[in-house]
Amino acid sequence: MLKLFTLIVAAVIASPALANDTMAEVKTGGLIFAQSDDVSMAEEDLFISASEVRVDYIFENSSDKDVESLVAFPMPDISGQVDNNSAISDYDSDNFLHFSTVQDGRPITAKLQQRVVSLGIDVTEEFAKLGIPVLPYSQKTTEALAKLPETVRKDWIARGLVYPMGAGDAAGVDLVPLWTLRSTYWWRTTFPAKKKVSVEHRYKPAVGGTVAISFLEGGEPKGERFEEYSRKYCLDGDFVRVAQQRAREAEAGGANYTESWISYVLSTGANWAGPIKRFQLTIDKGKPGSLISFCGSNVQKIGPTTFRMTAEDFDPAKDFDILILNPPETAQ
């Protein structure tokens with residue numbers, strides 16, 4: 001059982017979502033995550049900072065036969081919105097987070113599966129037929145949307161795929177993407193019998209969040225959003241009181257604190273045999289002055305800007321969420 005742990009310290013501005021490796025298989029409709037009874041995740045060492053995410057695994061095949069499999073790494077979802085506050089440095093590249101992977105010291109050329117989802121419906125084939133790039137906020141996507149036939153424009157607006165910026169839905173009105181892009185890198189590999197295999201991932205996180213503290217209602221800790229944050233991030237009294245003070249300062253003419261989130265998808269780690277024998281998470285806070293709250297256990301401060309959580313026989317039954325309140329630039 002995870003214990004509550006809240007630190008009022010500086011923190012990283014991080015990406016919307018990260019994910020664990022998992023086994024997969026190719027079926028109609030694309031990759032389907034699978035389970036392994038023979039290969040376990042012996043170690044996971046995760047490092048998160050504003051500039052880089054590093055994930056190092058040790059997998060172990062405990063069986064007496066080689067296991068050939070697909071390995072999949074789901075990337076952060078990228079969702080379109082009217083007020084885009086995401087800072088991806090390379091919108092026009094499929095590899096928009098500069099993902100790379102190495103297995104046993106050798107670079108792996110991973111394949112990329114991208115799916116477009118809107119309101120829970122997969123519309124990837126529709127995008128392919130119309131030649132619409134799938135990455136929201138890409139300049140190429142903006143240009144392609146501007147050329148959509150009028151009947152398609154009206155249909156996509158009605159279905160919530162895009163939002164018209166301006167009056168009406170006539171041609172010439174800018175269309176803002178509202179769909180979600182789900183990307184997964186995958187590759188084929190062999191886990192030798194009675195052997196260990198190391199896998200490393202590196203990528204640059206996206207930076208996103210809100211422009212103000214959003215979980216207070218009229219400056220008070222109440223409402224559905226506050227309840228959601230309390231459950232998700234294990235907010236405690238000290239964290240909430242400081243957030244209220246920062247919100248009052250902003251209302252009095254000061255600059256707003258902003259929110260950022262990390263949502264690391266640990267649960268796919270449960271697809272390997274048994275629990276993760278050794279799990280370690282290190283967060284680099286970057287600059288002083290931020291507030292951070294998350295649910296964790298065995299967390300220690302190991303340096304001026306770094307904090308570490310460790311666990312043995314770790315069962316990733318739930319995902320790991322972090323809330324950061326970032327001070328104005330002048331306050332850092």
Side-chain angles (χ1 to χ4, degrees), residues 15-19 22 24-33 70-101 107-188 201-208 263 265:
S15 60
L18 311 173
T22 181
E25 54 191 12
V26 178
K27 291 188 175 180
T28 302
L31 287 175
I32 301 296
F33 297 152
L70 301 184
V71 179
F73 187 84
M75 293 298 287
D77 284 355
I78 301 296
S79 296
Q81 54 188 339
V82 175
D83 297 319
N84 173 27
N85 195 36
S86 179
I88 297 173
S89 62
D90 192 359
Y91 283 117
D92 289 308
S93 170
D94 286 337
N95 191 6
F96 49 86
L97 297 182
H98 304 283
F99 173 83
S100 64
T101 189
I108 296 293
T109 302
K111 296 182 180 180
L112 175 64
Q113 173 184 278
Q114 293 183 309
R115 312 300 298 181
V116 182
V117 178
S118 178
L119 301 178
I121 300 173
D122 191 320
V123 293
T124 308
E125 291 186 6
E126 190 172 347
F127 273 61
K129 290 179 181 178
L130 292 167
I132 305 298
V134 296
L135 182 60
Y137 315 125
S138 164
Q139 182 61 35
K140 293 178 181 178
T141 301
T142 300
E143 294 171 356
L145 290 176
K147 299 176 182 178
L148 281 177
E150 183 63 15
T151 54
V152 177
R153 292 171 62 89
K154 291 182 178 181
D155 177 54
W156 282 24
I157 291 170
R159 292 161 55 194
L161 279 164
V162 294
Y163 180 83
M165 291 297 289
D169 57 4
V173 174
D174 290 337
L175 298 178
V176 178
L178 296 181
W179 65 80
T180 295
L181 174 64
R182 293 178 178 167
S183 302
T184 301
Y185 285 95
W186 63 278
W187 61 97
R188 298 182 184 275
H201 301 315
R202 304 289 185 269
Y203 52 93
K204 182 179 177 63
V207 179
S263 297
V265 184

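No experiment lies behind these values; they were computed from the predicted model shown. We number each residue from 1, following the sequence as shown. Below, each value reflects all heavy atoms present in this structure, side chains not excepted, and no hydrogens, waters or symmetry copies.
Note that OH of Tyr137 is 14.5 Å distant from CD of Gln139, once rounded to the nearest 0.5 Å. Between atom OG1 of residue Thr142 and atom CG of residue Asp174 there is a gap of 8.0 Å, rounded to the nearest 0.5 Å. Between the CG atom of Leu70 and the CZ atom of Arg188 there is a distance of 4.5 Å, given to the nearest 0.5 Å. Annotation: the span from Asp155 atom CG to Ile157 atom CD1 amounts to 9.5 Å, rounded to 0.5 Å.
Judged as a salt bridge (Lys or Arg N to Asp or Glu O under 4.0 Å), the pairs with a partner in residues 126-135 (not counting sequence neighbours) are, in order, Glu126-Arg159.
Residues passing the side chain to side chain contact (heavy atoms under 4.5 Å, CB included) test with Ala144, sequence neighbours excluded: Ile132, Pro133. For the side chain to side chain contact (heavy atoms under 4.5 Å, CB included) test, residues two or more places apart in sequence or in another chain that qualify with Pro149 are Thr151, Val152. Partners of Thr101 according to the side chain to side chain donor-acceptor pair (under 3.5 Å) rule, which considers only residues two or more places apart in sequence or in another chain, are His201. Evaluation of the side chain to side chain contact (heavy atoms under 4.5 Å, CB included) rule for Leu112 yields Asp94, Gln114, Ser183, Tyr185 as partners, not counting sequence neighbours. With sequence neighbours excluded, the residues forming a side chain to side chain donor-acceptor pair (under 3.5 Å) with Ser138 are Asp92, listed by chain and number.
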Using residues 175-182 as the side-chain source, report each donor-acceptor pair under 3.5 Å to any protein atom, sequence neighbours left out, with the distance given to one decimal.
residue	atom	partner	partner atom	Å
Trp179	NE1	Val134	O	2.8
Thr180	OG1	Ser79	OG	2.9

(message) Is there a side-chain contact (heavy atoms from CB on, under 4.5 Å) between Val123 and Trp156? Walk through the geometry before answering.
(response) CA-CA 11 Å; Val123 293; Trp156 282 24; over 6 Å; no

(request) Applying salt bridge (Lys or Arg N to Asp or Glu O under 4.0 Å), run through Glu143 and Lys140 and close with a yes or a no. (result) CA-CA 5 Å; Glu143 294 171 356; Lys140 293 178 181 178; over 6 Å; no

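Closest of all the heavy-atom pairs between Thr124 and Arg115 is OG1-CA, 3.3 Å. For the pair Leu161 and Ser118, the tightest heavy-atom approach, listed with the atom from each and the gap, is CD2-CB, 3.3 Å.
Thr141 contributes a side-chain N or O that, together with a main-chain N or O of Leu135, makes up a donor-acceptor pair within less than 3.5 Å.
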